[in-house]
Amino acid sequence: QKEVEQNSGPLSVPEGAIASLNCTYSDRGSQSFFWYRQYSGKSPELIMSIYSNGDKEDGRFTAQLNKASQYVSLLIRDSQPSDSATYLCAVNEEGGGADGLTFGKGTHLIIQP
Amino acid sequence: DTAVSQTPKYLVTQMGNDKSIKCEQNLGHDTMYWYKQDSKKFLKIMFSYNNKELIINETVPNRFSPKSPDKAHLNLHINSLELGDSAVYFCASSQAGGIVYNSPLHFGNGTRLTVT
């Protein structure tokens, strides 16, 4: 059974600080990793993708991947109240193709003004 | 020019009824999906279609029947609705398929189904 684990939170972070979100996955053959942000009552929107070990930065967001530890993380620098949302980690397994993504249950992030 | 659009946005119905949700994508993607998000916000895949062919059919009651008339459309018909079917249903599309695996999903706005 493929599993993607996240701490459900809520994770409370003061405005301007770094928010750190973590995710582990069970399928060692996983190839592609994504972070989605979902505001309440809205659909998930893609904010980061990462495919190889190391860090990938995009604006205030940094995704980190460690395939040996089966661990993905998302850092949000200079957190803003508008970053308050649920963050979903998603994984596409080896040979996934059209099999879709397996999602974690999400981490609820609250940025305190 | 919405990328993935689904209708209706809200659906309130009684137990035992039959309902349909429609989805269309204009991204030129080869693969479309239905995901269900329960009250605890857990997103779980139900079906995927690649070029009108059913690829994934997770453990879903056979009261749920997807139909893909062409690769830009994927509809979901639900028979004999039950209280436990209440959830948000998301349509999504991606370029994934065959050897392409690193393509993200693009979601529609969701259909909130409430069964009373």
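In what follows, every chain begins at residue 1, and chains take the letters A, B, ... in the order their sequences are listed. Predicted model, so just to flag it, every value in this text is computed and none were measured.
- To the nearest 0.5 angstrom, L46(A) atom CG is 11.5 Å from S94(B) atom OG.
- Of the atoms belonging to E45(A), not a single heavy atom falls under 4.5 Å from chain B.
- The same ILVMFWY cluster, assembled from side-chain heavy atoms under 4.5 Å apart, contains both I21(B) and L54(B).
- A donor-acceptor contact shorter than 3.5 Å links the side chain of Y35(B) to the backbone of L101(A).
- At least one donor-acceptor pair under 3.5 Å links the side chain of Y36(A) to the backbone N or O of L105(B).
- Contact check for Q38(A) versus Q37(B): side-chain heavy atoms found under the 4.5 Å cut-off.
- Transitive grouping of hydrophobic side chains (ILVMFWY, heavy atoms separated by less than 4.5 Å) keeps L65(A) and F34(A) in distinct clusters.
- By the neighbour-count criterion of 12 heavy atoms within 6.0 Å, atom NZ of K22(B) is sparsely surrounded, having that number or fewer from other residues, nucleotides or ligands.
- Taking both residues in full, the closest heavy atoms of I45(B) and G100(A) are given as CD1-CA, 4.1 Å, listed atom of the first, atom of the second, then distance.
- Considering all non-hydrogen atoms of both residues, G108(B) and S43(A) come closest at O-CB, 3.0 Å.
- When heavy atoms are compared at a cutoff of 4.5 Å, K42(A) approaches chain B solely by way of its backbone atoms N, CA, C and O.
- By the neighbour-count criterion of 12 heavy atoms within 6.0 Å, atom NZ of K67(A) is densely surrounded, having more than that number from other residues, nucleotides or ligands.
- The two atoms that bring F107(B) and P44(A) nearest to each other are CD1-O, 3.6 Å, heavy atoms only.
- Both L11(B) and L83(B) sit in one connected hydrophobic cluster of ILVMFWY residues. Membership requires side-chain heavy atoms under 4.5 Å apart, directly or through other members.
- Tracing side-chain contacts under 4.5 Å through hydrophobic residues (I, L, V, M, F, W, Y), one never reaches Y25(A) starting from F103(A); they form parts of separate clusters.
- Connection of L75(A) to L88(A) is not established within any shared hydrophobic cluster, with ILVMFWY side chains joined at heavy-atom distances below 4.5 Å, either directly or through further cluster members.
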